[in-house]
Protein chains: 4
Amino acid sequence: MPTTNSSPKSKRDDLIEVAAKLFYKQGYHCTGVQQIIQEAGIAKGTFYSHFKSKEALGCAWLKARHQEWTGWLLDSISGKTTAKAKILGTFDFLGTWMQACDYRGCAFMNTLSETPAIDSPLRVEIVAHLNELKEMMRQLVDDHHSARSKKERSDTFKVIFVLFEGALTEIRNTRDTSSLPAVKALVKSLL
Amino acid sequence: MPTTNSSPKSKRDDLIEVAAKLFYKQGYHCTGVQQIIQEAGIAKGTFYSHFKSKEALGCAWLKARHQEWTGWLLDSISGKTTAKAKILGTFDFLGTWMQACDYRGCAFMNTLSETPAIDSPLRVEIVAHLNELKEMMRQLVDDHHSARSKKERSDTFKVIFVLFEGALTEIRNTRDTSSLPAVKALVKSLL
Amino acid sequence: MPTTNSSPKSKRDDLIEVAAKLFYKQGYHCTGVQQIIQEAGIAKGTFYSHFKSKEALGCAWLKARHQEWTGWLLDSISGKTTAKAKILGTFDFLGTWMQACDYRGCAFMNTLSETPAIDSPLRVEIVAHLNELKEMMRQLVDDHHSARSKKERSDTFKVIFVLFEGALTEIRNTRDTSSLPAVKALVKSLL
Amino acid sequence: MPTTNSSPKSKRDDLIEVAAKLFYKQGYHCTGVQQIIQEAGIAKGTFYSHFKSKEALGCAWLKARHQEWTGWLLDSISGKTTAKAKILGTFDFLGTWMQACDYRGCAFMNTLSETPAIDSPLRVEIVAHLNELKEMMRQLVDDHHSARSKKERSDTFKVIFVLFEGALTEIRNTRDTSSLPAVKALVKSLL
DNA sequence: AATGAATGAGCCTTCATTCAT
DNA sequence: CATGAATGAAGGCTCATTCAT
């Protein structure tokens with residue numbers, strides 16, 4: 001995601017950008033503040049003038065990541081004209097994106113795995129992201145199946161969302177997208 | 001997985017047992033060797049006479065975890081007489097187990113999230129587990145659909161496995177099993 | 001020590017005022033420049049345009065504190081008409097002031113405890129304060145015992161000053177003024 | 001205070017010994033863990049295997065200091081045969097000791113100045129020391145004035161203790177023992 | 001004067017691991 | 001096998017100070 005305007009990036013943005021790369025690739029706990037500031041070419045003190053803690057940077061990263069990733073997803077389906085096509089498009093996006101990210105998977109789910117403490121501030125961002133993604137897909141299903149009963153729509157949405165999460169997980173685990181066509185075919189049959 | 005004989009547990013087993021609890025609950029990187037030996041009541045040196053590194057303990061944990069978890073799964077479906085009932089039973093198991101483990105999810109997938117390095121020794125255990133689980137389920141689908149074409153069986157298996165991984169992920173993320181009935185109904189419709 | 005005119009306080013004075021509160025309450029080394037400027041609502045750069053270092057602020061604080069505290073002491077005995085009454089009054093002041101300051105004790109002695117280096121600039125202010133206080137009390141004793149020999153006056157002053165410092169210390173240590181009456185009675189017997 | 005036997009000192013004792021020197025000379029907050037381990041020739045990790053924090057070392061130091069200093073005091077008056085001589089001896093000790101310690105004063109009072117927080121663990125040790133010293137002197141006064149009323153003994157003790165604390169403070173402040181003879185003479189007159 | 005971003009040495013503490021006993 | 005003292009690199013974070021605006 002290149003910045004759209006040519007305004008000079010702030011150090012804060014530099015830090016988030018570097019952290020995004022490292023947290024995502026190496027994991028949150030395997031990435032030290034030291035490495036982040038080193039790769040960003042920024043002093044220790046500067047880091048802590050922008051973020052009160054590593055955790056605060058983690059939250060800022062997840063907030064930014066939510067915007068970025070949601071943008072990618074929406075962009076990828078913006079050309080589709082029907083809700084059904086959009087839903088199917090999200091599964092195509094899954095394959096494309098996972099290959100592009102070297103099969104690292106969902107930043108939010110990965111960070112949730114690393115941060116089981118139920119009161120972690122990171123969890124707030126994670127849950128917010130997952131909920132928003134969920135609502136986005138629920139809306140698409142509702143749009144497509146507007147004629148059906150609430151219960152039917154809800155169940156359809158539930159399994160499609162589980163298929164989305166499952167496909168993501170499977171591709172991450174195996175570094176292989178070969179399950180995707182069958183999954184997509186099943187989704188199609190549900191719509 | 002209880003030990004089959006009544007011999008006193010070795011220190012090595014004590015360490016794995018304590019590590020299992022802590023790695024699973026807190027995460028691999030958030031759990032220090034110090035905490036493990038402390039809670040196991042074992043000396044530092046003794047630890048390193050049994051495991052050459054924390055990573056080696058991690059591998060031993062995952063090996064043991066594979067046996068334990070697979071045992072739970074097989075036990076839970078051993079009463080079923082048909083392949084179809086066994087497959088559906090795995091989804092019931094999912095709900096029961098996830099509630100019992102406080103929604104922490106799959107030790108292997110969580111550890112994969114924490115340890116993205118592709119050459120990590122932990123990854124070997126993770127991949128082995130996931131592959132064995134996959135083969136187990138593939139066998140069940142093959143047994144059930146023995147009359148169908150290889151391609152059909154393969155596709156059915158793929159989507160069921162994705163549904164299994166997806167349901168697991170969804171329950172972990174939301175600490176809620178309410179997606180499970182719809183997922184199970186879909187699986188049933190596929191068999 | 002209120003400012004004698006009604007001009008708005010300068011930032012410099014704000015800084016000294018905030019520092020006074022924090023240095024006294026928390027100790028000199030436990031109080032950071034950051035906290036001072038934050039509570040004063042003043043920028044980092046502004047701080048260093050007024051004081052070349054934290055130590056310089058410390059000196060300014062002690063200078064101001066000397067004026068303030070000496071003012072309190074003099075005010076408290078200004079109503080007394082004899083030297084003897086004034087001397088006894090200083091011990092009454094001790095009790096009143098120590099209770100008011102929550103038994104934190106003498107800013108100068110406390111800072112001396114924190115700053116043992118013999119060439120510390122802070123020490124200059126501390127010694128100056130203690131000397132001036134000493135001369136003030138010596139004058140009172142001289143006034144009262146003007147008929148006695150120099151040696152006698154000097155010895156009387158010495159023990160009274162030691163009793164003053166001792167009472168201050170004792171009240172600080174115990175957060176309790178119950179030694180004061182006995183001390184005051186002894187002082188009275190010496191005059 | 002040299003160790004009386006030739007047993008090899010433990011690293012823990014080395015650390016306390018080095019810390020004692022540095023905390024006393026430079027102050028608690030001006031002395032870093034780094035400097036302590038460096039001068040003790042001990043690794044970081046070793047430090048924290050002996051003390052869970054710098055504060056814990058501080059407490060251990062004060063505990064040891066209490067024994068050491070009390071020993072010095074008792075030794076210095078053990079040759080005296082009467083309570084009166086012992087009391088007067090404590091003031092002689094004051095002068096001797098203060099010159100020997102380069103007028104740094106009482107480790108406990110200095111540390112109290114640095115650590116105003118009322119719930120500091122260091123304060124527990126400080127208060128314990130001051131109380132024990134107080135009881136020691138109260139006992140001497142009681143022994144000497146056993147014929148007098150409780151109130152009389154209490155008041156005498158109070159002023160003598162204040163004189164002790166005051167003399168200590170005055171010598172520390174001025175790096176000069178010249179007040180001591182007059183103080184000692186006054187104490188003598190009270191006994 | 002005034003600002004506040006930027007600095008980097010230093011803070012206390014924890015880490016996984018080694019080694020002599 | 002078992003011990004636990006010892007290691008030192010690295011962890012996250014705060015410090016007093018500088019400097020371009």
Side-chain angles (χ1 to χ4, degrees), chain A residues 10-12 14-15 28-38 40-58, chain B residues 10-12 14-15 28-38 40-58, chain C residues 10-12 14-15 28-38 40-58, chain D residues 10-12 14-15 28-38 40-58:
Chain A
S10 70
K11 301 241 169 193
R12 187 175 190 278
D14 287 347
L15 283 167
Y28 177 77
H29 283 118
C30 283
T31 302
V33 170
Q34 183 109 286
Q35 189 188 6
I36 294 168
I37 61 166
Q38 197 165 289
I42 280 169
K44 268 270 174 78
T46 307
F47 176 94
Y48 281 95
S49 76
H50 286 296
F51 302 98
K52 79 179 235 302
S53 64
K54 178 187 173 183
E55 197 173 57
L57 172 63
Chain B
S10 69
K11 303 229 173 201
R12 188 175 189 279
D14 287 346
L15 283 167
Y28 176 77
H29 283 118
C30 285
T31 302
V33 169
Q34 177 119 292
Q35 189 187 6
I36 294 168
I37 62 163
Q38 197 168 287
I42 281 168
K44 268 274 171 70
T46 308
F47 175 92
Y48 280 95
S49 76
H50 284 296
F51 301 99
K52 82 175 236 301
S53 65
K54 177 186 175 183
E55 197 173 57
L57 171 64
Chain C
S10 69
K11 303 230 173 201
R12 187 176 189 279
D14 286 347
L15 284 166
Y28 176 77
H29 285 117
C30 285
T31 302
V33 169
Q34 177 120 289
Q35 189 187 7
I36 293 168
I37 62 163
Q38 198 168 286
I42 281 169
K44 268 272 171 71
T46 308
F47 175 92
Y48 280 95
S49 77
H50 284 296
F51 302 99
K52 82 175 238 300
S53 65
K54 177 186 175 183
E55 197 172 56
L57 171 63
Chain D
S10 70
K11 301 241 170 193
R12 188 175 189 277
D14 287 348
L15 283 167
Y28 177 78
H29 285 117
C30 284
T31 303
V33 169
Q34 183 108 287
Q35 189 188 7
I36 293 168
I37 62 166
Q38 197 165 289
I42 280 169
K44 270 272 174 77
T46 307
F47 177 94
Y48 281 95
S49 76
H50 286 296
F51 302 98
K52 79 177 235 303
S53 65
K54 178 188 173 182
E55 197 172 57
L57 172 63

Starting at atom [atom1] of [X], determine the distance to atom [atom2] of [N], rounded to an integer number of angstrom.
X     : N      : atom1 : atom2 : answer
A:Y28 : F:dG11 : OH    : P     : 13 Å
D:H29 : F:dA16 : NE2   : C1'   : 17 Å
A:I36 : F:dG11 : CD1   : C1'   : 12 Å

Practice prompt. Using the test side-chain hydrogen bond (donor to acceptor under 3.5 Å, both in side chains), find all partners of A:T31 that sit at least two apart in sequence or belong to another chain.
Written response: A:Q26
Worksheet, complete the sentence: Sorted by chain and number, sequence neighbours left out, side-chain hydrogen bond (donor to acceptor under 3.5 Å, both in side chains) with A:Q35 holds for A:E39
Worksheet item: If we only count heavy atoms from C-beta on, is the B:Y28 to A:H29 side-chain gap below 4.5 Å?
Response: no
Worksheet entry | Validation row: A:I36, A:L57 side chains within 4.5 angstrom (heavy atoms) | yes
Mind listing the side-chain donor-acceptor pairs of residues 40-50 of chain A below 3.5 Å, one per line with the distance, residues two or more places apart or on another chain?
from, atom 1, to, atom 2, distance (Å)
A:K44, NZ, A:Q34, OE1, 3.4
A:S49, OG, A:T46, O, 2.8

Worksheet item: Contact boundaries of DNA chain E with chain A (under 4.0 Å, heavy atoms), 5' to 3'?
Response: E:dA6 to E:dG10
Worksheet item: Between B:G41 and D:G41, which is nearer to the 5' end of DNA chain F once each is assigned its nearest nucleotide?
Response: B:G41
Worksheet item: For DNA chain E, whose closest nucleotide is more 5', that of B:Q34 or that of D:Q35?
Response: D:Q35
Discussion item. Does A:Q38, at its CD atom, have more than 12 non-hydrogen atoms belonging to other residues, nucleotides or ligands within less than 6.0 Å?
Written reply: no
Worksheet item: Going by number, which of residues 43-55 of chain D have a non-hydrogen atom under 4.0 Å from DNA chain E?
Response: D:K44, D:Y48, D:S53, D:K54
Discussion item. Could you spell out the base pairing of DNA chain F as a dot-bracket line? Use Watson-Crick and G-U wobble contacts where both distances are under 3.5 Å, [ ] for crossing pairs, | for partners on a different strand.
Written reply: .||||||||||||||||||||
